[in-house]
4 protein chains.
Amino acid sequence: METVPDPMVEKADPCLHLDPATRQETIRRLKGAHGHLAGVLRMLEDPDVYCVDVLKQLSAVQGALSKVSDKVMRAHIRDHVTTAALRGDADKIVEELMEALKYSR
Amino acid sequence: METVPDPMVEKADPCLHLDPATRQETIRRLKGAHGHLAGVLRMLEDPDVYCVDVLKQLSAVQGALSKVSDKVMRAHIRDHVTTAALRGDADKIVEELMEALKYSR
Amino acid sequence: METVPDPMVEKADPCLHLDPATRQETIRRLKGAHGHLAGVLRMLEDPDVYCVDVLKQLSAVQGALSKVSDKVMRAHIRDHVTTAALRGDADKIVEELMEALKYSR
Amino acid sequence: METVPDPMVEKADPCLHLDPATRQETIRRLKGAHGHLAGVLRMLEDPDVYCVDVLKQLSAVQGALSKVSDKVMRAHIRDHVTTAALRGDADKIVEELMEALKYSR
């Protein structure tokens, strides 16, 4: 019988994943942001909605997403960037992080 | 003699609302962002999800929300800020806009 | 005798300038930022300077410049944007402001 | 027998400094931004200076400073963050970097 190739073997770095605690917190927070966005959509059904009230709610959602990004970023730096020289993939990790930082601003 | 209800008592500025076209476009775009966020939540169910992939998706959602904010901001400035001296509520409008700009950065 | 053309006549809006008080405060604050930047340059003469110390000082200078931009922005909105419908140049003013906001983020 | 002075007593991490090439490039770029800021100060001597022109110039200076920060940040991540687990100071390095990132946005 043939062995089915395990896709995990193909993956460059099967160890580099978001730690379970941060992943759970990210899910919890993103569910909150998702609900908040649904609230903004309901708010927009009112034809008399005021622009500035929409802007405030959008800012609140963006603030929540920024907080989530920060937490994922911190977990990534702690678990994968500080250990890059040990693993030997520092160049790739630096490029990737600089790219992610550029987007996150 | 009957008293006519003064709409000004009910609402400070009944005229200041998001114009219908921008409101519809905001709804359409926010529905997209809402769906995208649901996709990020599904992605996070995978215990092997990679931090940087989460960061990229969150950046994409934030970029979409920024674009929506910009459109609402532009409509607000065009329809309510440029006309503030005519209406006589410039002080309030300036305070409000500076506050909204502070948040949106 | 020919009349010499007045360059102020050529200018689209001779009245749209930064109000004197904000201009003076901007000069005062920018002189501070300019001196701060000279300090960062002196700091960089030390071959043992630590990256994070440079980043902190650069952030401080950028924070100071952001504060200046905010003050100029507020003066502009108060003096020129809220009066645009009165003057009849709202379209131009909105374009210009949206452009300036895009850069300032 | 003479005691050799321990450099570790003088400085926590004598090895953690900005690499010479990045330091020189940082100096060169900051001198440019310093000159640019002097130009904005001269521009502000004109009582007819237009707010939006000041805002544009300030944005250009801030863009230049952001580019410098990015280069210093990249050098720091490459030279000091990816090697933190090897040195054993990952906790401190992560805290410091998160703080620097918070300021730089």
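Nothing here was measured: the structure is a model prediction, and the numbers come from that model. Order of the sequence lines fixes the chain letters, A, B, ..., with proteins taken first and strands second; residue numbering starts at 1 for each chain.
- Taking 4.5 Å as the limit, some side-chain heavy atom of D/Ser69 sits within range of a side-chain heavy atom of C/Gln62.
- Side chains of C/Pro47 and D/His17 form no contact here, defined as non-hydrogen atoms less than 4.5 Å apart.
- In this structure, C/Leu37 and D/Leu65 have side chains that are in contact, with non-hydrogen atoms separated by less than 4.5 Å.
- For a residue to count as touching a neighbouring chain, one of its non-hydrogen atoms must lie under 4.5 Å from one of that chain's; by this rule D/Ala60 does not touch chain C.
- In terms of non-hydrogen atom pairs under 4.5 Å with chain C, the most contact-rich of D/Gln24, D/Glu99, D/His34 is D/His34.
- Taking every heavy atom of both residues into account, D/Leu30 and C/Val40 meet most closely at CD1-CG1, 3.7 Å.
- Interface check for chain C: of the options D/Asp53, D/Leu97, D/Thr26, D/Leu55, the most heavy-atom pairs under 4.5 Å are formed by D/Leu55.
- The nearest pair of heavy atoms linking D/Val52 to C/Glu96 is CG2-OE1, 3.5 Å.
- Proximity to chain D (any heavy atom under 4.5 Å) is restricted, for C/Ile93, to the side chain, taken from C-beta onward.
- Within the 4.5 angstrom heavy-atom criterion, no atom of C/Pro20 approaches chain D.
- Summarising the geometry, atom NZ belonging to D/Lys71 is positioned 13.5 Å from atom CG belonging to C/Leu58; distances are rounded to the nearest 0.5 Å.
- Residues C/Leu16 and D/Cys51 are not in side-chain contact: their nearest non-hydrogen atoms beyond the backbone lie 4.5 Å or more apart.
- Among C/Lys56, C/Lys31, C/His76, the residue making the largest number of heavy-atom pairs under 4.5 Å with chain D is C/His76.
- Proximity to chain D involves both the backbone and the side chain of C/Ala38, based on heavy atoms less than 4.5 angstrom apart.
- Here the side chains of C/Leu18 and D/Leu44 are in contact, with some heavy-atom distance below 4.5 Å.
- Contact annotation: the side chain of C/Val68 never approaches that of D/Val54 to less than 4.5 Å [non-hydrogen atoms, C-beta and beyond].
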